Amino acid sequence: MTQSVMGSINNGGGAIQLPVIDVSNFGAEVGKQMLDAATNFGFLYISTTGTGFTEELVNRHFQLSQKLFALPDAEKEAYRIDHSNQGWVGMQAEILDPKSQRTGDFKQGFNMGEFRDGKPQKPLPSVLEERLEDLAKFEAKCQQLCGRILDLLALGLEVEEPGFFSSRHTQPSGCTVRLLHYPAIPDESDYQPEVDIRAGAHSDYGSITLLFQRPCQPGLEIRTSDNTWAPVPVIPDGYTVSTTFPPILVNIGDLLSYWTNGMLKSTVHRVVFPRDAKRGGEDRYSIVYFCHPGDDTQLVPVPSRLVAEHTLDEGAQVGHGGGATSERAITAQEHLLNRLQATYEFRGSSASGGGVKV
Ligand SMILES: O=C(O)CCC(=O)C(=O)O
Ligand SMILES: [Fe+2]
C-alpha cells in the first residue's frame, strides 16, 4: 500500500505534504514514486511497514538516548568528538550555518561511526556499551533500509546496473548513527526566538539520511525551491499506520546529488523551536542515520539515460556547490573531509573541542 503519493508544497510557508512510500512493494512503480519524491522535494516518508523496524526497537533507542544525554556533561566529556567525527558534541558546540548564526545550535549530539562485525570503532559510554546488541541491530536495519531505498532509486533512474548505488556502500565509510537532544530553553537563557535555532540550515553530506522522530516533537523545516521554509509534520495528514510510531523521514544527501548531476536534490533543512511555544517549547529528541558509500567511491555520474538527459537549471548548484560532472570526480571521503574541514576552519584553534557534522 502506498499512501498519498502525490505530495505538494504550500508556498505560503505552510506545512509541506510529502509522499509516503511503502518499501515492502519492491518494483518499478515504487521506484518511480521514490524518484519523483527525490527529484521534486529531496524528502519523503517511508511507512514503517516492511522496514524491519519495530516500535519497540525505536522506543528503546530513544530511551537510551534520553539516558545518555541526562548524564552529567563531565561524564560525556570523556567521549568528546574528535577528528574521527565520532563521540559527543556538547550544547551549542556545533554551528551548522556559521554564516547566519550568532550562537551554536541549541542541541547536543552523540555520533557513533559504522559498526564492523557488530562492533563500534570507538569506546562508548557504559549506558550505550551495555546495549551494544541493540545498537548493532538498529544500525544494521538502517543499512538494510538504505540499501533498499538506493535500489529503488536506481530502478526509478533506470540505471544500467541495478545495484549501482547499494553495491558501492562498502566499508570503511562515513556511515554514522547520531543521537540528538534539543532541550527546552530555560527561562534565564539569552535565547532570541527570532534568530536562534536548534539546528542551522544545512544539507547532509552522505548519500541518504534516515530521520526517526517522536510524535508531538516537531521542528524540522525544509527550504523550498522558492526560498521559503516549510515545516515538515512528524506524522503527515492521512497517515493511518500508527499515531505513536511515526514514519521514517528520508532525505537525499550531497552525494546522490553529485551522482545524478543534481537531478536528485540534496535539500537544505533546519530545526526550529516550536513557533507557538512561550519560550523554547518542549525537549525534542531525534535519531539520524547518515548513510555513506565506501570512502574510495568516485562520484561520477551514474550510467542512466535519465541522468544523461538531465540538464541543470541556470545557476543551480549540485550537492553542496560545485559538481562532480563539471570537475575532477572527487571521492566520498574527500567530500566528507572537505565539509568537515569547513567546520574546523570556522572553529579555528578550538577545532578539537568543536562539534562537527556528517
Ligand atoms: O533532528 C532533526 O530533526 C534533524 C537533524 C539534522 O538535520 C541533522 O543532524 O543533519
Ligand atoms: Fe540534516
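Quick caveat: nothing in here was measured; it's all calculated off a predicted structure. In listed order, ligands and their atoms are each counted from 1.
Taking the six-membered ring wherever Trp is involved, the centroid distance between the rings of F53 and F212 falls below 6.0 Å. Under the 6.0 Å cut-off for aromatic ring centres, F106 and F273 qualify, their centroids lying closer than that. Aromatic rings from H292 and Y205 are positioned such that their centres are separated by 6.0 Å or more.
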Please evaluate residues R214 and N59 with respect to the criterion side chain to side chain donor-acceptor pair (under 3.5 Å), reporting the C-alpha separation (whole Å), side-chain torsions for both, the decisive distance (0.1 Å), and the verdict.
CA-CA 9 Å; R214 300 279 73 193; N59 284 350; 3.1 Å; yes

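Annotation: angle subtended at the Fe ion (ligand 2) by D204 OD1 and H269 NE2 is 100°, to 10°.
Below 4.0 Å from some heavy atom of Y182 lie the following atoms of ligand 1, by number and element: 1 (O), 2 (C), 4 (C), 5 (C). Near H269, meaning under 4.0 Å from any of its heavy atoms, are these atoms of ligand 1: 7 (O). In summary, the atoms of ligand 1 found under 4.0 Å from a heavy atom of D204, numbered by their order in the structure, are 10 (O). Close approach of ligand 1 to L180 is summarised as follows: ligand atoms under 4.0 Å from at least one heavy atom of the residue are 1 (O), 5 (C), 9 (O). Interface of L211 with ligand 1, defined as ligand atoms under 4.0 Å from a residue heavy atom, comprises 2 (C), 3 (O), 4 (C). Atoms of ligand 1 found under 4.0 Å from any heavy atom of F290, numbered from 1 in the order shown, are 8 (C), 9 (O), 10 (O).
Between E29 and K32 no salt bridge is recorded (no basic side-chain N to carboxylate O distance below 4.0 Å). Ion pairing of R284 with E282 is absent here, as no side-chain N (NZ or NE/NH1/NH2) approaches a carboxylate O to less than 4.0 Å. Salt-bridge formation is detected for the pair E161/R168: a Lys NZ or Arg NE/NH1/NH2 atom is positioned less than 4.0 Å from an Asp or Glu carboxylate oxygen.
No heavy atom of R270 sits closer than 4.0 Å to any atom of ligand 1.
Here the shortest heavy-atom distance to atom 2 (C) of ligand 1, taken over K107, Q213, R284, belongs to R284.
If you look at L96 next to ligand 1, there are no close heavy atoms at all, none under 4.0 Å.
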